[in-house]
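Let me begin by presenting the structure, written as structure tokens, before commenting on it.
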Amino acid sequence: MEVTVQLDPEKQLELFGPADSHLRLLRRSLGVQITARQSDLHISGADESVHRAAEVIDQMQKHLLKHRRLTADDVTEFVEQGPAPDKEEGEQAITVYSNKVIEPSTEGQLHYIETMLHNDVTFCTGPAGTGKTYLAVAVAVSMLKKRQIRRIVLARPAVEAGEKLGFLPGDIAAKVNPYLRPLFDAIEDMMDFAQMRKFMELDIIEIIPLAFMRGRTLNEAAIICDEAQNTSGLQMLMVLTRLGHGSKMIITGDVTQVDLAANQKSGMVEAIEILQHVDGIGVVELSQQDIVRHRLVQNIVEAYRIRQEARSRTGERERS
């Protein structure tokens, strides 16, 4: 029997080990023949041994992607520990351009990743620090790396949170740049700066204010609308109708932090109410248990929540 395993060309030398020592270890331990041809490994031998060797090589590649190093002890451990246990259905790890492996840290984040992968449109709400934007960008970058899409479009509404845009220095690009900075930060963590700049120059990655999406149809794209709690109903409808063939849309926001006028309903809240039962649209609500920033962030969010609930109860008593 013979099987072929495809390799990551950039990690091939580390996978093979010094002077192909890792491959020699596999040959001796499992009694198989292994031949490297360009970016493929051809494994031949008895059926059971070939299947086992392919499993071990898969484990080696995943370990190398995650830890960025692979030792002879690691290879020996993979060989001796027997077949890897099947992962629970839905367990996800995302590989981005830097070959960094991004994994969910909580059950809520795992559900969020699954929902994004299984639906064309995903709404995600939750407090600061739950990874709403970061995981959405990770899924989009992973899809671009796998050539499942041709471009990424990241958009945010430039809503003034107690500040006046007109007082900021510079032209309109300089004025809206602070609103888009979190999206730049997420992208920069997943690919090197030169590659990011190249993709932006080629419009493969586009980071824009929400208003710039009007009138467009976005095919074969991952579209992320961040801070969507600050969209109006008409803006949200405009965003949703940009979805083209072969595209995926992820809409994120914290519905407890709406910076719209007091009498204006959030377009994101309205859209979730209208669309949550539509097939192909997923809705995820992350909680403070999903916060993965500094431990104090959970305490801060909880303190504000308690204060807000107390004010709401006081207002209800005064009205009655």
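Because only heavy atoms are used, hydrogens play no part in the values below, and waters and symmetry mates are left out as well, while side chains stay in.
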If I take atom CZ from residue R150 and atom CD1 from residue I204, how far apart are they, to the nearest 0.5 angstrom?
9.5 Å
What are the two closest heavy atoms between M190 and A138, and how far apart are they?
SD-CA, 3.5 Å
Other residues, nucleotides, ligands: >12 heavy atoms within 6.0 Å of E285 CD
no
Closest approach of Q61 to V5 (non-hydrogen atoms, all atoms of both residues)
NE2-CG1, 4.0 Å
Approximate separation, where rounding is to 0.5 Å, of I223 CD1 and R242 CZ
9.5 Å
Going only through I, L, V, M, F, W and Y residues with side-chain contacts under 4.5 Å, is there a path from L243 to V278?
yes
Counting neighbours of CD on E48 that are heavy atoms of other residues, nucleotides or ligands and sit closer than 6.0 Å, is the number greater than 12?
no
Would D74 and T71 count as a side-chain hydrogen bond (donor to acceptor under 3.5 Å, both in side chains) here? Give the steps.
CA-CA 5 Å; D74 295 326; T71 66; 3.0 Å; yes
Is there a donor-acceptor pair under 3.5 Å between the side chain of S247 and the backbone N or O of A221?
yes
If you count the non-hydrogen atoms of other residues, nucleotides and ligands that lie under 6.0 Å from CG in L234, is the total more than 12?
no
Apply salt bridge (Lys or Arg N to Asp or Glu O under 4.0 Å) to K248 and E220, showing your working.
CA-CA 8 Å; K248 187 179 291 289; E220 297 180 74; over 6 Å; no
Residue pair H111 / V283: nearest heavy atoms and the distance that separates them:
NE2-O, 4.4 Å
Pair E201 + K198: basic N to acidic O under 4.0 Å
no
Closest approach of T115 and G282, non-hydrogen atoms and distance?
CG2-CA, 3.7 Å
Rounded to the nearest 0.5 Å, the CG atom of D20 sits from the CG atom of L26 at a distance of 11.0 Å
Are a donor atom and an acceptor atom from the side chains of E107 and Q109 found within less than 3.5 Å of each other?
no
Around atom CZ of R24, are there more than 12 heavy atoms from other residues, nucleotides or ligands closer than 6.0 Å?
yes
Heavy atoms, side chains only, cut-off 4.5 Å: are L210 and M213 in contact?
yes
Would you compute the distance between atom CZ of F16 and atom CD1 of I34 and round it to the nearest 0.5 angstrom?
9.0 Å
Less than 4.0 Å between a side-chain N and a carboxylate O, is that true for R151 and E206?
yes
L135 side chain reached by I250 side chain, heavy atoms, under 4.5 Å
no
Taking atom CD of Q264 as the centre, does the number of heavy atoms from other residues, nucleotides or ligands within less than 6.0 Å exceed 12?
yes
Taking T241 for its side chain and L237 for its backbone only, find out whether a donor-acceptor pair lies under 3.5 Å.
yes
I'd like to know if the side chain of N230 reaches the main chain of D259, judged simply by a donor and an acceptor atom lying under 3.5 Å from each other, with no hydrogens or angles considered.
yes
S21 side-chain N/O to G17 backbone N/O, donor-acceptor pair under 3.5 Å:
no
Minimal non-hydrogen separation, A72 against L25, with atom names
O-CD2, 3.9 Å
Spatial distance of atom CG (L218) from atom CD1 (I152) [nearest 0.5 Å]
12.5 Å
Side chains of H42 and T4: any donor to acceptor distance under 3.5 Å?
yes
K132 with E227: basic N within carboxylate O range, under 4.0 Å:
no
Quick one: closest heavy-atom pair of M60 and V75, and the distance?
CE-CG2, 3.9 Å
Taking the side chain as every heavy atom from C-beta outward, state whether F199 and I187 have any atom pair closer than 4.5 Å.
no
Side-chain donor-acceptor pair under 3.5 Å between T256 and D254, yes or no?
yes
Does a side chain donor of either T122 or N119 reach within less than 3.5 Å of an acceptor in the other side chain?
no
How long is the span from the CD1 atom in I272 to the CZ atom in F123, to the nearest 0.5 Å?
6.0 Å
Would you kindly say whether D290 and Y112 are connected by a side-chain donor-acceptor distance under 3.5 Å?
no
